[in-house]
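Below is one structure, written out as structure tokens; comments come after it.
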Amino acid sequence: MSEKRVVKYNPQEIEPKWQERWAQDRLYEVHEDAPHPKWYELTMFPYTSGDLHIGHWYAMAPSDVHARFMRMKGYNVLHPMGFDAFGLPAENAAISRGIHPFTWTMGNIERMRGQLKSLGAIYDWNREVETCLPDYYKWTQWFFLKLYEAGLAYRAKAPVNWCPKCQTVLANEQVVGEGLCERCETPVTRKDLEQWFFRITKYAEELLDFSHIEWPERIKTMQKNWIGKSEGVEIAFGLEGEEEIRVFTTRPDTIYGVTFIVLAPEHPLVERLTTAEHREEVARYIEWARRQSEIERLSTEREKSGVFIGSYAINKLTGERVPIWIADYVLMSYGTGAVMAVPAHDQRDFEFAKRFVLPIKVVIAPPDWSGEDLAEAYIKPGTMVNSAQFDGLPSEQGMDAITDFIEAMGYGERKKTYRLRDWLISRQRYWGAPIPMVYCDRCGLVPVPEKDLPVLLPEDAEFRPTGESPLKYCESFVNATCPKCDAMARRETDTMDTFMCSSWYFMRYASPGYKEAPFDVEKLKYWLPVDQYTGGAEHATMHLLYTRFFIKALRDMGIVDFDEPFIRLFNQGVIVIERQKMSKSRGRVITPDAYVAEMGADAVRAYLMFIGPWDQGGEWDDRGIKGIARWLNRVWSLVLDSYDAEFLKAIAKPSKEAVTKTLRHITHRTIKKVTEDMERFRFNTMIAALMEFTNYLGKVGEGKSVEPPAWQEAIDTLLLLLAPTAPHLAEELWTRTGHPYSIHNQAFPKWDKGLAAEEEFTLVIQVNGRLRDRVRVPISITEEEAKELALGRERTKAYLKDGEIARIIYVPRRLVNIVVK
RNA sequence: GCCGAGGUGGCGGAAUCGGCAGACGCGAGGGACUUAAAAUCCCUUCCCCGAAGCGGGGGUGCGGGUUCGAGCCCCGCCCUCGGCACCA
């Protein structure tokens, strides 16, 4: 090709240049008055840990590419960025290094913002949101007050998860694996504490409705399982006197098989029902159970434990007296904290009965059962026996029949139970939004009036390694006056879970500087809800669930008018190193910076998308990035050469190898492929298609002849298709080839159906399912023609001579298969 | 234990309305250019047989099955990853 080209592709030079130019021209500022439909594409904002690693870019680059694609498709795209800036690591840094959490956090943000800018995304930085600034957390507190007014925030004493290392409580959702702290993996212990909760359980049923959102099945299933709905019956068992024990069961059909009752050790009736001679043993057991660590308690291999408390309950259906036990396999926090034990038909009850030699009464006969003892609980359906008037019924029918009977007799009623617990939002830490409440000796619990918000974090708090909340000992903070009576009062010293901050940040982006309210209602109406959300699946039962609850609560208060925050969700996979997650503490972190400095952001962006399907994640192996760099260099040379006068003269010369028609076909086929892949987030095959296109154009450029307009269409198309992925390179080449700035304001190419359509295909000829020949044929070939052609081929004939043709299978546009016997 | 996703060359991965397995890229081998190296370009690269072929055979975790035809569907296993885990 041309000898004249001297300019080399130099991303180090062109990337900063265009980033500055775009910023200067406010290319990516978005406004509500644009004449296009809006598109809100959001990626989960990063926690301000210090450095962005390649995993962050893996989340952000493809999301930016898709947002840019939508922008070129004509949408008014909001694709903002901000920082999740409250949280424990800032405080730990303060303790260990004497830096104030604010200083630490803002320093990190500074560094991360720089890294993010080098990515070359279309973030409108005027809309940046930082959750730790008073302008923001003022509204976090405001939302708390709204939830409080609505009766959705309450304070209660409860056994809660306590992380001894973080010195704070954790929400259920933040306890992972075998009872470990989500952040530091320390085993969690139980503590009885007064804490603030949000009543997410009120929305359990609605949270199970995913009909208005397009989310991955996997995430919906995780939320479903987390909410854990089960339908059953709550049934009263009689006690001496007026009292009753209520149990929850999903198997009312087994009620004739109840041989004992088990209460959770913390059950309120235990105290009253324990008889004098069992008191000591019961107390000992409760104490023992309380001391069990979460890990011990959760172990399924552990032998059942429990004690008899001396009292009996009456099965109202049979009139039988059954003993009442306590055991820690029954949880106070689920159902009623009491179960009717049916050892014959529940494995846990079975093990318990075996261990303590309690009767096992079969009421659902297994198939072919003739009265012998069971080796394990029979939990499947069967025929009802030993069940009075219900004998002989299939147990599935018995379920309803018995429930109807129980309801008719007033012994109990149908009930739904959920595994989901209320969201524990108190944290005994400094670096979070203070809960805006005051304790007054005279007035009790008093919310801080809206006009007094924000309740500011004191700057003079001391960070000591004792582990206790610095706020607790900060007098300037704790001492307050009661908003109601002006008397001396104490401020609440708990701060809010940071998931509270992230439950509304996506709404703040709509009007980030707004002073009168958390958002400007008109702008919110324009932008929300988020059309496309992307982020990690690890938030399935945390951020993603909390936020759905939050929006539903706000909707019911009339603050927002939509039901779901995020219409479409896509979860990218995890980038790993040596099959393990990146982790700062283990020194397994790759930052993008060195790669950006060496190969350019465009190459890193493209490589991250090329590794594999976005939702599958993958191994970071920097050897592969070379292939991308080579490709971008080839694009550079190809495009610049293409606009060289001599080159144009050369391709315009007629030759035997004229390819204009094929070139246009391939150009339009590529547009189709790239567009469809982009829409489906299949970035790896999109890049492969662009590479193939580049390779093809390179071949055409070597001595073949083509009409210049077709050639320029192809080259321009390549640049436009590449623009979302490699925005700097595309812009540079677009400008250098004399096109008007900016390529990012151009429309994404549209394919011509006729040109993209195939005219021929490779007909595969098989004999007995084995490939024997292939031949290019026109798409219009008929079945008869194809069969005839197949039979006539030299290569097939050899395989036909020894047998008789039994049938011929023809698959249009694919193959002919000759079956020979 | 239960639920979900997955297992394809030396590596990352393509191909799923059941129809050419291995696109694209990395790595490797060979060649061109160069005093040399880097860069770049060209060729080869699933395995076995064959001097070679646009020749034969085998091949998508394992074992069976359905089908003219199976990476894809069915049955039974094994392994990896993620989630849940005494939830009555």
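Order of the sequence lines sets the chain letters (A, B, ...), proteins ahead of strands, with each chain counted from 1. No experiment lies behind these values; they were computed from the predicted model shown.
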Task: Full working for salt bridge (Lys or Arg N to Asp or Glu O under 4.0 Å) between Glu758(A) and Arg669(A) - done: CA-CA 9 Å; Glu758(A) 305 292 334; Arg669(A) 197 175 68 178; 3.4 Å; yes
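- Remark: U40(B) base-pairs with A32(B); criterion is Watson-Crick or G-U wobble with both hydrogen-bond distances under 3.5 Å.
- Contact between the side-chain N/O atoms of Arg634(A) and the OP1/OP2 oxygens of C24(B) is not found at any separation under 4.0 Å.
- Within the structure, a side-chain polar atom (N or O) of Arg419(A) is placed less than 4.0 Å from OP1 or OP2 of A85(B).
- Nucleotide G19(B) forms a pair with C68(B), judged by Watson-Crick or G-U wobble geometry with both contacts under 3.5 Å.
- One finds a side-chain N or O of Arg630(A) lying less than 4.0 angstrom from the OP1 or OP2 phosphate oxygen of U40(B).
- Both cation-pi conditions hold for Lys304(A) and Tyr329(A): the charged atom is under 6.0 angstrom from the six-membered ring centre and inside a 45 degree cone around its axis.
- For Tyr607(A) and Trp620(A), the distance between ring centers is under 6.0 angstrom.
- Applying the 4.0 Å criterion to OP1 and OP2 of G25(B), one finds that Asn684(A) has every side-chain N and O outside that range.
- The side chain of Arg682(A) places no N or O atom within less than 4.0 Å of a non-bridging phosphate oxygen (OP1 or OP2) of A23(B).
- Within the 3.5 Å criterion, the main-chain N or O of Arg772(A) finds a donor-acceptor partner in the side chain of Arg795(A).
- Not one side-chain nitrogen or oxygen of Arg623(A) sits closer than 4.0 Å to the OP1 or OP2 atom of G27(B).
- Contact annotation for Tyr799(A): backbone-only contact, meaning every heavy-atom pair under 4.0 Å involves sugar-phosphate atoms and none involves a base.
- No engagement by Gln616(A) is indicated, since no non-hydrogen atom pair under 4.0 Å with the nucleic acid exists.
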